Number of protein chains: 2
Amino acid sequence: MSPRSGLNQQTVIKAAIEIANQENLQAVTIASLAKKLNVRSPSLYNHIDSLNSVFHHMAIYGLEELYDTMISSTQDQLGDEAIHSLSKAYIYFVRQHPGLYEATFIALKQGDSNIKYAADKIVRFVLKKLESYNFTYQEGIHIVRGLRSILHGFATIEQKEGFGIDIPTDESLTYILDTFLLGLKKG
Amino acid sequence: MSPRSGLNQQTVIKAAIEIANQENLQAVTIASLAKKLNVRSPSLYNHIDSLNSVFHHMAIYGLEELYDTMISSTQDQLGDEAIHSLSKAYIYFVRQHPGLYEATFIALKQGDSNIKYAADKIVRFVLKKLESYNFTYQEGIHIVRGLRSILHGFATIEQKEGFGIDIPTDESLTYILDTFLLGLKKG
DNA sequence: TTGCTAAAACTAATACCATTAGTTATAATG
DNA sequence: CATTATAACTAATGGTATTAGTTTTAGCAA
């Protein structure tokens, strides 16, 4: 107890992620963090710059985790199989870490270069997986934008429970990806 | 000036939408509304229940506007043509009313039935436009979820300027929709 | 025209929030 | 064992939403 409670930036970020995933991103406040970590609010400023910087670190951590998950889900897969794997990994990641995923997205608009870089790594990875299809560069961009739209859109609608109806969402995801991939082959 | 400034709920919501579109949804606060409307913060409570209820009304208004825009963009169109039109209408609506669109989405998770109803109207409209393809009910659901994912994903990524790269986003949208529609025909 | 009343403004106050300044206690190092 | 840097603390500032209680006024009735 009392002074020297063993805090550091990592601990604070980790606590923030827990709160975000259990509640939501809005529930991450200096006050809620302090309570969870058994210190007074101002004490946190020995480890972080601001609440905004907490979101910032969450975003980078989340994007890297998402990237790793996608990488390891595809291994040496290529083509349709790889796209299905990486998509499933993406959607499952959002389901397991909803608050962390929120953080990755909220922060994007701030235009921070570290975050852009972490996000770009994912885009480049997907582009790489598309190489086996022999698309032009421009087509590749369109396709990545399409996949990203599908995955982000699907994930967030699901997160907000906007789908309603009792048809399994996993089946829908498979159907949507198959349709998109089929269209790519025919185009 | 002073008392009786002619406020009502409509005026407040309208001011909120203006602030949201010009800045963003977070900029809509009781304080910013009061300032814009030249009254003190507590005065607003004569016209609204809470800040949350303002977001709520924004969401419903936004969904109805979006619905109307999509309806009138398709008129008596059917099939691919209709899907392209309604999609373009959706994306353009988000570009023109970014803050209002934010509100429609933030509110979804609250699970309010009025909002669910307004959102469902759009889903049913898109389902109707798909009738000419002769899909089964289950396929229809998958496809609507797909289109919704594409449109919401595309719109929000564009909004946060997450696309980078200088290839026109309109071209990407057309490409993505064509690909998806092509896949539907082959399936 | 005058007086009443409901509505809409106001001020004051409460309870939260993030953040900064300044102080105290402690853990580790010389 | 003394010093020092660090990490906790308290106190204070200025922001937020919201509630309570008060004053003002617009419009209607007599």
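Within every chain, numbering begins at 1; the chains are lettered A, B, ... in the order of the sequence lines, protein sequences first and strands thereafter. Predicted model only: the values in this text are computed from it and were never measured.
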Enquirer: Using a 4.5 Å cut-off on heavy atoms from C-beta on, say whether the side chain of Leu44(B) contacts that of Val39(B).
Expert: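 The answer is yes, as the side chains (C-beta and beyond) meet within the 4.5 Å cut-off.
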Enquirer: Could you state the CG-P distance from Asn52(B) to dT18(D), rounded to the nearest angstrom?
Expert: 8 Å
Enquirer: Calculate the interatomic distance between Leu37(B) atom CG and dA9(C) atom C1'; express it in whole Å.
Expert: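 Distance, rounded to whole Å: 13 Å.
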Enquirer: Inspect the surroundings of OH in Tyr61(B) and state if more than 12 heavy atoms from other residues, nucleotides or ligands are less than 6.0 Å away.
Expert: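 Atom OH in Tyr61(B) is not packed in, count stays at 12 or less.
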Enquirer: Is the ring pair His152(A)/His152(B) parallel, tilted or perpendicular, if the boundaries are 30 and 60 degrees?
Expert: parallel
Enquirer: Without decimals, in angstroms, what is the distance between Phe55(A) CZ and dC17(C) P?
Expert: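 Distance, rounded to whole Å: 13 Å.
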Enquirer: Give the residues of residues 24-34 of chain B touching DNA chain D, defined as any heavy atom closer than 4.0 Å, sorted by residue number.
Expert: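 Listed by number, they are Thr29(B), Ile30(B), Ala31(B).
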Enquirer: With a 3.5 Å cut-off and just heavy-atom distances, do the side chain of Asn46(B) and the base of dA7(C) make a donor-acceptor pair?
Expert: no
Enquirer: Please report the distance, rounded to the nearest Å, between CG in Leu44(A) and C1' in dT6(D).
Expert: 15 Å
Enquirer: Could you check how far CG of Leu51(B) sits from C1' of dC17(C), rounded to whole Å?
Expert: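 Whole-Å distance recorded here is 14 Å.
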Enquirer: Distance check: side-chain N/O of Ser43(B) vs OP1/OP2 of dA8(C), anything under 4.0 Å?
Expert: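 It does not, given that no N or O in the side chain of Ser43(B) lies less than 4.0 Å from OP1 or OP2 of dA8(C).
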Enquirer: So Leu147(B) and Leu177(B), do their side chains get closer than 4.5 Å, heavy atoms only?
Expert: yes
Enquirer: Please check the phosphate of dT6(D) (OP1 and OP2 only) for any side-chain N or O of His47(A) closer than 4.0 Å.
Expert: no
Enquirer: Are there over 12 heavy-atom neighbours, none belonging to Arg124(A), within less than 6.0 Å of that residue's CZ?
Expert: yes
Enquirer: Whole-Å distance between dT16(D) P and Ile19(B) CD1?
Expert: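 After rounding, the gap between these two atoms is 12 Å.
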Enquirer: Do His84(B) and Asp178(B) pair up side chain to side chain, a donor and an acceptor below 3.5 Å, judged on atom types alone?
Expert: yes
Enquirer: At under 4.0 Å, does any side-chain N or O of Arg40(B) touch on OP1 or OP2 of dA9(C)?
Expert: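 No, because none of the side-chain N or O atoms of Arg40(B) sits under 4.0 Å from OP1 or OP2 of dA9(C).
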Enquirer: Should Ile71(B) and Leu130(B) be counted in the same cluster of Ile, Leu, Val, Met, Phe, Trp and Tyr side chains packed under 4.5 Å apart?
Expert: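 Both belong to a single hydrophobic cluster.
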Enquirer: Whole-Å distance between dA9(C) P and Asn38(B) CG?
Expert: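 Interatomic distance, CG of Asn38(B) to P of dA9(C): 11 Å.
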Enquirer: What is the distance, to the nearest angstrom, from the OH atom on Tyr45(B) to the C1' atom on dA20(D)?
Expert: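 After rounding, the gap between these two atoms is 13 Å.
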